[in-house]
Amino acid sequence: MHELSIAYGIVDIVRQYVKGPELERVRSVRLKVGEHSGVVVDSLEFSYTAITADTELKESRLEIERIPFVIECRSCRKRSETERGVVVCPDCGSTETTVVSGTELQVLDIEISENGSEVQ
Amino acid sequence: MSVITIERKVLAKNDEFAAQNRALFTKHKLFVINVVSSPGSGKTSLIEQTLKELAGALPVGVIEGDVQTDLDAQRVARYSVPVVQIVTNGGCHLEARLVQDALGSLDLSSLRMLIIENVGNLVCPSNYDLGEAMKVVVASTTEGDDKPLKYPAMFRNASVLILNKIDLVPYVNCDVKALRANALSINPSLTIFETSCTTGQGISQWCDWLRTRSTS
């Protein structure tokens, strides 16, 4: 259950970029989370809600964009979405592959309401 | 609505501490491994066997991560090596800052190698860079042959796989060939050793490899 410490990491980042009364107007924090980032999205959302409940960020929520696990074969150049994080090219069987996406864990942006009335 | 663009890794702060640790390790020419596995796969036993084999030849320090106790540090201390215990008090993984705090208790200039034993957990530690040269994942035959497929992140981020408790193969439901194939399908560049901390099988090959890496 490292989602709690990841949720704290997200709150730290938000607090670095948004200060003072503006914090109460944060509506969403948009994240990129890879299918193989090792993070359970439900636990992360639960953790974030729990640690922001009695704070200026209580009106904010996480908006999570899932990124599929994609590899690129260096032999046949084909890109494929693979299951379970397997890095063997499903087309030619080569193991000479590069992970293109699916391990991300990134804060993309923060949405702030202009006047504080746009509660979603 | 206004939008502030950030595009920053959530674990960027951990990565900063890890980079500081890595710079310190480079300065002291220290080879550092981060040993990860599920609980009970034999990490501490492997470290004990490694210390026994390397005794006198290579000055090694150990950082032990544990959720609750210092039992592992007590075991390791019997080999007369400097050891620091980090108790995470429930935390499921080590973070770079915790390691940095622990480094203050070690004389790095007197060491050539540092072994960090992470908390037993095949999920969370894979996300946290501690500044190590490589992650070494221990999978024991009693856990079965499907672990690489069930916990791919850990096997993807490791450089070495130790197949431990290899002496128990005749008694357990584990196909070593399948285990190897599963691990290599997640990470084809894994270096694999088969070991038994009971019979000593494979320990010298593993330690020879460590010696080569720590002096290169």
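Scope of the values below: all heavy atoms of this structure, side chains included, with no hydrogens, waters or symmetry mates. Each chain gets a letter, A, B and so on, in the order the sequences are listed, and its residues count up from 1.
- When each of A:Val29, A:Asp109, A:Val18, A:Val14 is paired with B:Ile4, the side-chain contact (heavy atoms from CB on, under 4.5 Å) condition holds for A:Val18 and for no other.
- The closest side-chain heavy-atom distance from A:Thr103 to B:Arg156 is below 4.5 Å.
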Exercise for the section: Kindly indicate, with the supporting measurements, whether the criterion side-chain contact (heavy atoms from CB on, under 4.5 Å) is fulfilled by B:Ser2 and A:Glu111. Expected result: CA-CA 6 Å; B:Ser2 67; A:Glu111 209 173 35; over 6 Å; no

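- Within the 4.5 angstrom heavy-atom criterion, only side-chain atoms of B:Tyr128, from C-beta onward, approach chain A.
- Using a 4.5 Å heavy-atom threshold, the side chains of B:Pro152 and A:Phe69 count as separate.
- Looking at B:Val123 and A:His2, their side chains come closer than 4.5 Å, going by heavy atoms from C-beta outward.
- Within 6.0 Å of the CG atom in B:Asp107, the count of heavy atoms belonging to other residues, nucleotides or ligands exceeds 12.
- Atoms OG and NE2, on B:Ser126 and A:His36 in that order, are 11.5 Å from each other to the nearest 0.5 Å.
- Both the backbone and the side chain of B:Lys9 come within contact range of chain A, judged by heavy atoms closer than 4.5 Å.
- Annotation for A:Tyr17: atom OH counts as buried by contact number, over 12 foreign heavy atoms lying within 6.0 Å.
- A heavy-atom distance below 4.5 Å is found between the side chains of B:Arg8 and A:Gln16.
- Judged by distance alone, the side chain of B:Asn127 and the main-chain N or O of A:Ser37 form a donor-acceptor pair under 3.5 Å.
- Heavy atoms closer than 4.5 Å to chain A are found nowhere in B:Asn14, neither backbone nor side chain.
- Atom CZ of B:Arg97 is surrounded by 12 or fewer heavy atoms from other residues, nucleotides or ligands within 6.0 Å.
- One distance of note links CE of B:Met1 with CD1 of A:Ile112; it measures 10.0 Å at 0.5 Å rounding.
- Residues A:Gln106 and B:Val10 are not in side-chain contact: their nearest non-hydrogen atoms beyond the backbone lie 4.5 Å or more apart.
- Within the 4.5 Å cutoff, no side-chain heavy atoms of A:Leu108 are placed close to those of B:Ile6.
- Residues B:Ser185 and A:Arg84 fail the side-chain proximity criterion, which asks for heavy atoms closer than 4.5 Å.
- A heavy-atom distance below 4.5 Å is not found between the side chains of B:Ile186 and A:Val87.
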